[in-house]
Number of protein chains: 2
Amino acid sequence: MPTLNESDQSDGAALVTSRSGKLWSTLAEVCALLRLPVTHAIRADDTHFHHMHYRTGQRIHSAGQPFEMLYVVHGGFLKSAMIDDLGNEQILSFPMRGDVFGVDGMHNRRYGCETVAMSSCDIILVPFKTFTELGKRYSELDVSSYEVLSRHLMAEQARVVSLGSLSAEARVARFLLQLSDRFAQLGFSGRRFNLFMTRAEMGNYLGLTLETVSRTLSAFNELGYLSVDMRAIDILAPEALRTLRRLPPSHQRTARKTAPTGQQ
Amino acid sequence: MPTLNESDQSDGAALVTSRSGKLWSTLAEVCALLRLPVTHAIRADDTHFHHMHYRTGQRIHSAGQPFEMLYVVHGGFLKSAMIDDLGNEQILSFPMRGDVFGVDGMHNRRYGCETVAMSSCDIILVPFKTFTELGKRYSELDVSSYEVLSRHLMAEQARVVSLGSLSAEARVARFLLQLSDRFAQLGFSGRRFNLFMTRAEMGNYLGLTLETVSRTLSAFNELGYLSVDMRAIDILAPEALRTLRRLPPSHQRTARKTAPTGQQ
DNA sequence: CGTACCTTTGACTGTCGTCAAGGACGGTGG
DNA sequence: CCACCGTCCTTGACGACAGTCAAAGGTACG
C-alpha cells in the first residue's frame with residue numbers, strides 16, 4: 001500500500017498505517033496509545049486486542065446498532081456523526097490516533113452515532129466485556145477508564161462553549177489550533193499539515209456553512225495568519241489565531257456577581 | 001422551611017426539599033435515584049452517603065478545585081457552568097433530581113466547571129474513592145456507572161446538535177420540551193411549570209441572547225403554542241413545538257451519499 | 001476527456017445580536 | 001404604607017454577521 005489518499009499527512013502519517021499492519025496489540029500497547037499509565041501488572045497482562053483495517057468511506061459502526069465494542073484508533077482519520085430523523089448529519093468528532101470512539105453506546109447498549117473512515121484506518125477492537133473485566137482486575141485501570149470517558153466529556157463541553165459563544169472566525173481559528181496541537185502530539189508538524197476533511201465537513205462540525213468556512217480561511221490567508229491552499233495549511237501566526245476576539249461580547253452579561261470581569 | 005423561593009415548582013416540588021431533610025442515603029436509594037437497577041446485593045449493602053443542604057446562590061464546587069466527590073441531586077435545581085479566561089460564563093447544564101454532577105473532574109482530578117444552587121438543594125455526596133470501590137465490589141454497578149457517564153455524554157452530544165444546527169426558535173422550543181419531559185419524569189406536571197432560571201441564563205445555555213429568548217417566548221405565546229407569564233409556562237401545543245422547522249436548511253448538504261434525504 | 005466533487009467568490013437576504021427605553025416585581029428602609 | 005432600588009422581562013429600531021443562491025474554476029478519477 002504505497003500511497004494514501006488525499007488525507008495523507010505530508011509529514012509522514014503514512015507510517016501510521018504502515019504496509020504490513022499489526023494484527024494484535026497488547027494491553028500495555030493500548031494503554032500507552034491512550035496515554036494511560038502503564039504499570040508492571042499491566043505490562044505483564046497477556047490479553048491481546050484484534051486490529052481491523054478499514055479503507056476510506058467504510059463504516060465502522062452505525063447508529064442504533066447493538067453496542068459490543070469500544071474502538072481505539074491506532075492510525076488514520078475518521079468522523080463520528082449523528083444522523084437525525086430528517087437525515088441531517090451532525091459531525092460530533094474527528095477521531096484519530098489515540099482516540100477512543102463508540103463510547104456513547106454504553107448508555108442503552110446501542111451506538112448513538114456512526115463512525116466512518118476518512119482515510120485508511122487501523123482500528124483496535126476492545127470488546128466492552130473485556131474492558132470492564134480489565135477494569136476490575138487492575139484497579140489503576142479502572143480509574144483510568146473513567147478518565148477516558150471524562151476526557152470525552154471535557155471535549156464535548158469545550159465544543160459547547162465554542163458553538164455557544166464564539167464567532168465564526170474564532171471557531172475556525174480554534175479548530176485549526178486544535179488540529180495543530182493534535183498533530184504535534186502525534187509527532188507530525190503542528191505548523192504545516194493537510195486537512196483531512198472537506199470545507200462542508202468542517203462547517204458542519206463547527207455549526208457553520210461551507211461558504212463561511214471558505215471565506216474565513218481566505219480571510220486568515222489574506223491577513224497572513226496562515227497560508228492555505230486547498231487542504232494544505234501552514235499556520236503562520238498561531239498567537240493571532242489564538243487571541244481572536246470572541247463573539248460580539250454579549251454573553252458576558254450573565255456573568256455578574258460571580259466573576260468580576262477584569263477586562264474592559 | 002415552609003416556603004421555597006421562586007424556583008419552586010407549583011405542583012409540589014416542595015416535598016423534594018422537605019422540612020427535616022434526610023441526612024443519609026443508602027446505596028440502594030442512590031441507585032434508585034439514578035435509575036439504575038437495584039440488585040439484592042446492592043440492597044444489602046450498608047454504605048451510607050451523606051447529604052448536604054445548600055441554599056440559593058451557594059456554590060457546591062468551583063472550577064479548578066481538587067476533585068474528590070461526585071454529587072447526586074436529591075432535590076432542588078442547580079446550574080453547572082464553565083468560566084473562561086475572560087470571566088465569561090457558559091452554562092453547561094441544569095442539574096436536578098436524579099442527576100449527577102462533578103463528573104468532569106475525573107479527568108485531571110480537578111473540576112472543570114463550577115456548580116451553583118439555584119434553589120434550596122439537597123445533595124448527596126459520593127466520594128470518588130467509594131464510587132470506584134463499589135464498582136469493583138458489584139460488577140453490575142460497574143457497568144451502570146459507565147452508563148451514568150455515557151448518559152452525560154449523550155446529553156452533551158444532543159446539545160451540540162442543537163447548538164450547531166437549530167434555529168433560535170427551535171432551540172428554545174426543544175429546551176422547553178426537555179424541561180417538560182424532565183418535570184414529568186419527576187412526577188410534576190409536564191404541562192404547567194415554572195422556569196427556575198432567568199432569560200439570560202436560558203439564553204446563555206442555548207447560545208442566544210436574553211432578548212432573543214424573550215422574543216421567541218412571546219412569539220410562541222402569540223401563536224398559541226404555549227402561554228407564558230414571566231417564569232410560568234403552560235405548554236399548549238407540544239407537537240407544534242416539537243416539529244418546529246430546523247435551521248435554515250443548509251447543513252443538510254453534507255449528508256449526501258450516506259443518507260439519502262427522504263424528505264422533500 | 002468528461003463527470004463529479006470540492007473550493008472560491010460575489011451579491012443579496014434574514015436571523016439574531018446590539019443598543020436603548022420602559023415596565024413589572026420584590027425586597028428594604030423610612 | 002409608600003418610596004426607592006435592583007433585578008428581571010419586554011419591546012422596538014437598527015445593523016451586522018453569517019446563511020442563501022448562484023456561477024465559475026480547479027482537481028481528481030474513471
Side-chain angles (χ1 to χ4, degrees), chain A residues 3-8 56-57 88 118 163-172 194-204 206-222 227-233 244-258, chain B residues 3-8 56-57 88 118 163-172 194-204 206-222 227-233 244-258:
Chain A
T3 63
L4 278 177
N5 65 2
E6 84 228 63
S7 25
D8 175 2
T56 309
N88 299 335
M118 304 188 67
L163 287 174
S165 70
L166 297 185
S167 67
E169 292 181 348
R171 283 185 228 178
V172 174
N194 289 325
L195 299 171
F196 55 88
M197 75 289 285
T198 67
R199 301 286 189 265
E201 285 163 333
M202 240 172 109
N204 180 301
L206 295 171
L208 302 170
T209 58
L210 76 171
E211 292 95 333
T212 300
V213 172
S214 177
R215 269 188 258 270
T216 304
L217 288 176
S218 298
F220 288 162
N221 190 41
E222 205 73 23
S227 104
V228 51
D229 177 34
M230 301 298 274
R231 303 287 181 98
I233 299 285
L244 254 190
R245 199 178 59 275
R246 334 228 128 179
L247 174 112
S250 91
H251 299 262
Q252 295 185 357
R253 272 177 283 176
T254 317
R256 277 150 304 132
K257 302 176 207 161
T258 40
Chain B
T3 64
L4 276 177
N5 64 3
E6 84 228 63
S7 22
D8 175 5
T56 310
N88 298 336
M118 304 187 69
L163 288 174
S165 70
L166 297 185
S167 68
E169 291 181 351
R171 285 186 227 177
V172 174
N194 288 325
L195 298 171
F196 55 88
M197 74 290 284
T198 66
R199 302 283 190 267
E201 286 164 333
M202 243 172 106
N204 180 302
L206 295 171
L208 302 170
T209 59
L210 74 170
E211 292 95 334
T212 301
V213 172
S214 177
R215 269 188 259 270
T216 304
L217 288 176
S218 298
F220 288 163
N221 190 40
E222 205 74 22
S227 104
V228 51
D229 176 34
M230 303 296 276
R231 302 286 182 98
I233 299 286
L244 255 189
R245 198 181 62 275
R246 332 228 130 181
L247 175 113
S250 89
H251 299 263
Q252 296 185 357
R253 273 177 282 176
T254 315
R256 277 147 304 128
K257 302 179 211 163
T258 38

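The basis for the numbers below is simple: all heavy atoms, side chains too, and nothing from hydrogens, waters or symmetry mates.
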How far apart are the closest heavy atoms of [X] and [Y], and which atoms are they?
{"X": "Val172(A)", "Y": "Leu217(A)", "value": "CG1-CD2, 4.0 Å"}
{"X": "Arg231(B)", "Y": "Phe196(B)", "value": "NH1-C, 3.8 Å"}
{"X": "Met230(A)", "Y": "Val228(A)", "value": "O-CG2, 3.6 Å"}
{"X": "Leu195(B)", "Y": "Met202(B)", "value": "CD1-SD, 4.1 Å"}
{"X": "Ala168(A)", "Y": "Leu208(A)", "value": "CB-CD2, 3.7 Å"}

Go through the structure and list residues passing side chain to side chain donor-acceptor pair (under 3.5 Å) with Thr212(B), not counting sequence neighbours.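 With neighbours one apart ignored, the set is Thr209(B).
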
Whole angstrom is fine here: how far is it from [atom1] in [X] over to [atom2] in [N]?
{"X": "Leu210(A)", "N": "dA23(D)", "atom1": "CG", "atom2": "P", "value": "16 Å"}
{"X": "Leu244(B)", "N": "dT15(C)", "atom1": "CG", "atom2": "C1'", "value": "15 Å"}
{"X": "Glu169(B)", "N": "dG17(C)", "atom1": "CD", "atom2": "P", "value": "12 Å"}
{"X": "Met202(B)", "N": "dC9(D)", "atom1": "CE", "atom2": "C1'", "value": "12 Å"}
{"X": "Asp229(B)", "N": "dA24(C)", "atom1": "CG", "atom2": "P", "value": "12 Å"}
{"X": "Asn194(B)", "N": "dC8(D)", "atom1": "CG", "atom2": "C1'", "value": "15 Å"}
{"X": "Glu201(B)", "N": "dC9(D)", "atom1": "CD", "atom2": "C1'", "value": "13 Å"}
{"X": "Phe196(B)", "N": "dC9(D)", "atom1": "CZ", "atom2": "P", "value": "13 Å"}

For the side chain of [X], starting at C-beta, report the closest nucleotide among [options].
{"X": "Leu208(B)", "options": "dA18(D), dG17(C), dT18(C)", "answer": "dG17(C)"}
{"X": "Arg199(B)", "options": "dC9(D), dT18(C), dA18(D)", "answer": "dC9(D)"}
{"X": "Arg231(A)", "options": "dC16(C), dC9(D), dC6(C)", "answer": "dC6(C)"}
{"X": "Thr209(A)", "options": "dT10(D), dA18(D), dG19(D)", "answer": "dG19(D)"}
{"X": "Thr212(B)", "options": "dG17(C), dA22(D), dT7(C)", "answer": "dG17(C)"}
{"X": "Met230(B)", "options": "dG19(D), dC9(D), dT27(D)", "answer": "dC9(D)"}
{"X": "Thr198(A)", "options": "dC6(C), dT10(D), dC16(C)", "answer": "dC6(C)"}
{"X": "Glu211(B)", "options": "dT9(C), dC16(C), dA20(C)", "answer": "dA20(C)"}

Check: Arg199(B) side chain, Leu210(B) main-chain N or O, donor-acceptor pair, under 3.5 Å: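 Not a single qualifying donor-acceptor pair exists.
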
How sharply is the helix from dC1(C)-dG30(D) to dG30(C)-dC1(D) bent, taking the axes over five pairs at either end and rounding to 10 degrees?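 Comparing the first five pairs with the last five, the axes sit 40° apart.
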
dT9(C) OP1/OP2 closer than 4.0 Å to side-chain N/O of Ser218(A):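 Checking dT9(C) against Ser218(A), a side-chain N or O does come within under 4.0 Å of OP1 or OP2.
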
Using a cut-off of under 3.5 Å, enumerate the N/O to N/O pairs linking the protein to nucleotides 11-14 of chain C.
{"unit_1": "dA11(C)", "atom_1": "N6", "unit_2": "Arg215(A)", "atom_2": "NH2", "d": "3.4"}

Once rounded to the nearest 0.5 Å, what's the spacing between atom CG of Leu163(B) and atom CG of Leu206(B)? 7.5 Å

Sub-4.5 Å side-chain heavy-atom contact between Leu244(B) and Phe220(B):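 Of all side-chain heavy-atom pairs linking Phe220(B) with Leu244(B), at least one is under 4.5 Å.
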
